[in-house]
Structure formats: C-alpha cells, structure tokens
Amino acid sequence: MSIDPTLLDDLEWRGLIAHSTDLDALREALTEGSVRFYVGFDPTAPSLHMGNLVQIVTARRLQDAGHTPYALVGGATGMIGDPRDSGERTLNTLDTVKDWVERVRRQIEPFLSFEGDNAATMVNNYDWTASLSTIDFLRDIGKHFPVNRMLARDVVKSRLEAGISYTEFSYVLLQSMDFLNLYRDHGVTLQFGGSDQWGNLTGGVELIRRADGGKAHAFATPLVTKSDGTKYGKTEGGALWLDPEMMSPYAFYQFWLNVEDEKVGELLRIFSFQSRAEIEEIEAQHAEKPFLRVGQRALAEQVTTLVHGAEETAQAIAAAEALFGGGDLTGLSTATLGAALREAGSTTVDGDEPLPSVVDLLVLSGLAKSKGDARRTVSEGGAYLNNARVEDPDQVPGPDDLIGGSWLVLRRGKKNFAGVEVR
RNA sequence: GGCAGGUUGCCCGAGCGGCCAAUGGGAACGGACUGUAAAUCCGUCGGUGUAUACCUUCGAAGGUUCGAAUCCUUCACCUGCCA
C-alpha cells in the first residue's frame with residue numbers, strides 16, 4: 001500500500017482537524033510511511049451513533065491513505081465512564097458492558113479493511129487493564145499525572161461544583177495508558193478522537209513522553225452541531241443510531257435529507273468519500289438552487305449507503321419517493337406502497353375486527369403517544385389519513401379507505417408516516 | 001461524625017399548607033409560510049371518549065391535617081462548611 005502524501009491536506013480541507021499536536025511533525029510522520037494509529041470507542045450504548053461515525057470515516061480515510069488502524073473498544077474504560085458536563089454517569093453492569101462491547105466491535109468492523117499490508121486490528125483495553133494491579137497502576141501510570149493539571153481540565157472544572165467521583169476523575173489515566181500500551185506493544189504513534197476527547201488524547205501523548213521519552217501525535221475531530229450550535233442527534237426518538245434495529249435505514253436517510261442548508265457542505269466534507277472537486281461541484285449546485293436539495297440528496301444517499309448498504313438505501317429512497325411523491329397514494333401499487341410503509345414503520349391490524357378509529361390508529365402506529373396526544377393532533381389539523389386531513393377524531397376508516405385492499409397511510413404533520421396493514 | 005443547603009415533569013428551574021397537573025425558559029410536537037431547509041408568527045406540550053370529574057406525578061417510605069410538592073419523622077443520594 002502506498003502512502004498518500006495529500007492526506008493531511010485533505011483532512012484539513014474537510015475540517016476534520018479541530019485541534020492537533022504539532023501539525024508539521026504529524027505531516028512529516030504521515031508522509032514518511034504507514035503510521036499506526038488508534039481510535040477508541042467506549043461502549044456507552046448498544047449502538048454507535050453519528051458522533052462515532054465521524055471517527056469511523058476518519059479512520060477509514062487514514063487507512064485508505066496507507067496507514068494502519070487499531071480500532072479500540074473500551075471494555076475497561078466503558079466500565080468507568082468518561083466524565084461529562086451533565087454529571088456523574090450511572091455505572092453499567094459487567095454483563096451490559098460485555099454485550100455492548102461485542103455490538104460495538106461488530107459495528108466498527110465493516111468500515112475497515114482487515115487485509116493487506118496495513119490491515120486493521122481490533123483491540124480491547126480490558127485485555128491489559130483488567131489484570132493490572134492497583135499498586136502498579138499508581139506507580140507506573142499515576143505518578144505521571146499531576147493532579148493540579150488534571151483539575152485544570154475543562155470537564156473536571158465544570159464538575160467540581162456539582163461533584164465528580166474519583167472513578168471518573170481517573171478516566172484520563174486509563175485512556176492515556178491505552179495509548180502508552182499500544183505505543184509500546186504495537187508501535188502506535190497517533191491517536192485521534194472527538195474534540196471532547198482532547199484532554200484524554202493529549203494525556204496519552206504526554207504519558208508516552210514522560211514514561212518512555214517517546215514521540216506521539218494526536219488530533220481531535222470537530223464536534224458536529226446544528227447551525228445554532230446545539231447537538232445533533234436529538235431527532236424524534238433520540239440519538240442518530242447506526243444500528244438498524246434502533247433506527248431504521250429509512251429514518252436514518254430522512255435525517256440526512258432534512259439537514260439544514262447551511263450544514264450540507266460541512267457534513268458532505270466530513271462524511272462523504274467523494275473527492276474535493278466532486279463535493280465542491282455539489283456545493284455549487286446546492287448554493288445556486290437550494291430548493292432542489294441536491295446536497296441533502298447526495299449526503300443522505302452516500303451516508304446511508306456507507307452505513308446500511310446500497311440495497312437498504314435504494315429502499316429508503318423508494319419509500320421516500322412513494323410517500324412524499326405526488327400525494328395521490330392510490331396510484332401506487334400495493335407492493336410499492338407496502339414496501340415503503342414497512343420501511344417507514346408500520347403496524348398490523350386484524351381485518352376481521354372492526355377497524356379502530358383514527359385516534360386509536362395514531363396511537364397504535366406510534367405516531368401519537370397517547371389518545372390525548374392523538375386527539376390534540378387531530379384538532380390541530382396535523383393528522384392525515386391517506387394524505388387527506390382528518391377532521392373528526394372519531395372517524396373510522398371504511399373498506400374504501402384501504403389502498404390495494406389492505407393499507408392505510410397515516411401521517412402526522414408533514415413528514416411522519418406510518419402504515420397500517422389490515423389483514 | 002456535626003452543621004447548613006438541596007433532590008420538582010424530556011432538560012434547566014420557580015412554587016414552600018387549599019386558587020397546583022404545578023409559573024417561566026429550552027427542547028419537542030402541530031399549523032401558517034416554504035423546498036420533507038432555515039428564520040418568523042400562532043398553537044400544543046401527564047393520563048382517561050372531555051369531565052366545576054377521576055387517576056398518576058414534585059427522591060423513597062411513613063405521619064400530621066378536612067386538605068401536602070409545600071409541615072413532621074425516618075431512609076437514600078448530592079453540595080458546602082466544620083471535624
């Protein structure tokens with residue numbers, strides 16, 4: 001595998017480097033040969049999310065450019081918990097962490113190549129942390145961490161008032177130790193992570209210098225936020241999960257399709273594997289005629305393909321076209337409509353029973369969280385049956401409403417669809 | 001261990017015996033305008049076929065009272081000061 005010398009320029013252009021240690025030194029290292037680098041993922045949930053995806057695509061870019069990935073799953077650090085502003089974490093049980101470690105590992109693997117000269121390696125920091133004695137830890141690692149410096153970190157400072165346990169306070173030592181171990185055992189000299197990880201990243205670089213007199217590098221990717229600075233991922237139902245069980249490919253596709261205009265370019269640069277020229281072309285088209293949503297379409301298609309594959313993406317697109325297409329749903333074939341609705345989310349109702357009212361259907365389909373919510377939605381004019389606004393909350397769909405003899409299309413607001421299959 | 005303060009709905013935060021399903025802000029949701037965008041404006045935001053009603057909710061469990069998120073007791077957790 002040959003080394004791509006333009007890698008760092010590309011990363012910078014994509015805005016993927018928010019902070020870094022000596023950039024010139026890193027540039028030199030990245031052009032000299034295949035750099036062994038690592039990026040860690042803590043199992044804090046059963047699935048990775050959009051924030052992790054930034055790291056994943058960045059790792060892939062580095063591997064594509066000839067460098068050698070070590071993907072770390074935090075079996076140990078996941079049991080401790082990285083301090084965050086919102087307060088002390090609740091510790092998860094060992095079984096939970098073990099389960100999540102496996103899930104996270106399986107989620108990462110498809111994004112990297114495990115073949116060739118620069119094949120990726122999966123590691124788990126539990127392997128070198130679990131058996132470590134407290135005495136060794138305090139002597140060999142703890143000695144290199146001045147508490148006054150640790151206290152100065154922003155996360156820690158922000159937590160001093162509300163409280164922070166020794167457990168979370170010590171987190172940086174564990175992550176730094178990971179870097180040191182990978183440096184010693186595998187020659188890993190670069191770590192990157194999200195910008196909230198910056199303190200942990202530099203902790204490792206410094207530990208390698210203090211303990212071994214070694215030279216290592218680190219950079220942080222930016223935190224992806226909405227244009228008003230708040231976090232993404234708080235869409236309906238929570239974070240933007242990569243696991244199709246937790247977020248359907250349709251919902252995933254819809255998220256990207258609905259990205260704000262101002263963010264399209266930034267997100268394309270971060271997540272798309274298209275070249276600079278191609279992305280700039282899309283941005284130009286988008287700037288000229290934003291209402292065509294060329295940027296969003298490209299972004300949604302590419303990211304969904306990356307995460308869920310071409311087939312799921314094609315179905316998500318087909319579903320979107322069917323549901324948002326013309327408005328006349330009756331013109332669609334049952335097969336097309338059924339596929340679209342299953343993609344968007346659907347429930348089944350027994351055709352031998354009398355059909356439930358629209359209000360009940362809204363609750364059954366999950367579009368409303370209670371009957372009151374459903375009634376409210378109807379009275380606000382936000383409920384639709386087969387693309388026609390529902391005026392009467394007690395309306396009961398009749399046989400004539402069944403598209404293709406078996407489907408009802410419920411909608412809440414402009415873009416929340418759910419199917420009801422009657423059989 | 002002692003003293004003081006705190007624990008309220010998705011989040012932040014008022015309320016400190018009845019007028020409290022609980023002020024306000026944010027998030028979220030719906031409508032209008034659009035382009036399945038943003039901004040803006042309007043509305044909604046515990047549950048119940050809608051009710052001067054009932055049920056669940058103000059850290060947990062008891063108690064006082066005609067009546068408690070509000071008072072008392074115990075417990076748990078958090079913060080500060082003192083030991």
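This structure is a prediction, so every number in the text was calculated from the model and none was measured. Naming convention: chains lettered A, B, ... in sequence-line order (proteins, then strands); numbering from 1 in each chain.
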What does B:rA28 pair with, Watson-Crick or G-U, if both distances are under 3.5 Å? B:rU44

With the threshold set at 4.0 Å, does a side-chain nitrogen-carboxylate oxygen contact exist between A:Glu109 and A:Arg106? no

By nearest nucleotide on RNA chain B, pick out whichever of A:Phe291 and A:Gly382 is the more 5' one. A:Gly382

With a 3.5 Å limit on both atom pairs, tell me what B:rA69 is paired to, counting Watson-Crick and G-U wobble, or say none. none

A:His286 NE2 - B:rA37 P separation (whole Å): 12 Å

Taking the six-membered ring of A:Phe273, is the NZ or CZ of A:Arg60 close enough (under 6.0 Å from the centre) and on axis enough (within 45°)? yes

Mate of B:rG1 where both pairing distances stay under 3.5 Å, Watson-Crick or G-U: B:rC82

Going by purine N1 to pyrimidine N3 plus the second Watson-Crick contact, or the G-U wobble pair, all under 3.5 Å, which nucleotide sits opposite B:rC20? none

What is the distance from CG of A:Leu362 to C1' of B:rU44, rounded to the nearest Å? 15 Å

Using the P atom as the point on both nucleotides, what is the distance between B:rC42 and B:rU56, in whole Å? 37 Å

Please check if any side-chain donor atom of A:Trp100 sits under 3.5 Å from a side-chain acceptor atom of A:Asp42, or the reverse. no

Please report, rounded to the nearest Å, how far the P atom of B:rA37 is from the CG atom of A:Leu267. 16 Å

Does CZ belonging to A:Arg210 count more than 12 external heavy atoms closer than 6.0 Å? yes

How far, in whole Å, is B:rA60 from B:rC54 if one measures between their P atoms? 23 Å

Enumerate all atom pairs, one protein N or O and one N or O from nucleotides 20-23 of chain B, separated by less than 3.5 Å.
none

Do NZ/NE/NH1/NH2 and the carboxylate oxygens of A:Asp243 and A:Arg103 come within less than 4.0 Å? yes

Between B:rG35 and B:rG43, how far apart are the P atoms? Round to whole Å, please. 26 Å

Pairwise C1' distance for B:rA27 and B:rU73, with rounding to whole Å: 39 Å

Minimum heavy-atom separation for A:Leu268 and A:Arg14, please, with both atom names. O-NH1, 4.1 Å

Which nucleotide sits closest to the side chain of A:Glu380: B:rG31, B:rG35, B:rU44? B:rU44

B:rC10 to B:rC29 separation - C1' atoms, rounded to the nearest Å: 13 Å

Rounded to whole Å, CD of A:Glu262 lies from C1' of B:rA37 at a distance of 8 Å

Touch check for A:Tyr384, heavy atoms < 4.0 angstrom, all strands: base, sugar-phosphate only, or nothing? sugar-phosphate

Residue pair A:Asp261, A:Gln296: steps toward the side chain to side chain donor-acceptor pair (under 3.5 Å) verdict: CA-CA 8 Å; A:Asp261 287 347; A:Gln296 279 95 337; 3.1 Å; yes

What distance, rounded to whole Å, do you find between the two P atoms, one in B:rG47 and one in B:rC82? 48 Å

Any carboxylate oxygen within less than 4.0 angstrom of a Lys/Arg side-chain nitrogen, looking at A:Lys263 and A:Glu266? yes

Look at A:Lys371 together with A:Asp360 and state whether they make a salt bridge at an N to O cut-off of under 4.0 Å. yes

Per nearest nucleotide of RNA chain B, the residue lying toward the 5' end, A:Pro290 or A:Arg412, is A:Arg412

Over how many whole Å does the gap from A:Phe324 atom CZ to B:rG35 atom C1' extend? 12 Å

Length of the CG-C1' vector between A:Leu257 and B:rA38, whole Å: 15 Å

Pairing residues for A:Arg27 by the side chain to side chain donor-acceptor pair (under 3.5 Å) criterion, not counting sequence neighbours: A:Asp9, A:Glu12

Distance between C1' atoms of B:rU8 and B:rG2 (Å, rounded): 29 Å

Name the nucleic acid region contacted by A:Ala320, choosing base, sugar-phosphate or nothing; use a 4.0 angstrom heavy-atom cut-off, strictly under. base

My understanding is that a pair needs two contacts under 3.5 Å, Watson-Crick or G-U wobble. By that rule, which nucleotide pairs with B:rA76? B:rU7

Whole-Å gap separating P (B:rG35) and CD (A:Glu288): 17 Å

How close or far is atom C1' of B:rA37 from atom CD of A:Gln254, stated in whole angstroms? 13 Å

For B:rA38, the Watson-Crick or wobble counterpart (both distances under 3.5 Å): none

In B/S/- notation (B base, S sugar-phosphate only, - none; protein heavy atoms under 4.0 Å), nucleotides 47-52 of chain B written 5' to 3' is SSBB--

For A:Arg297, report the nucleic acid contact type (base, sugar-phosphate, nothing); a contact means any heavy atom under 4.0 Å. nothing

Using the C1' atom as the reference point in each nucleotide, state the distance between B:rG13 and B:rC58 in Å, no decimals. 13 Å

Under 4.0 Å between a side-chain nitrogen and a carboxylate oxygen: does that hold for A:Asp373 and A:Arg376? yes

Side chain to side chain donor-acceptor pair (under 3.5 Å) partner of A:Ser272, the single match among A:Glu278, A:Gln302, A:Glu301: A:Gln302

Mate of B:rU56 across any strand shown (Watson-Crick or G-U wobble, both atom pairs under 3.5 Å) is none

Strand partner of B:rU64, provided both Watson-Crick or wobble distances fall under 3.5 Å: none

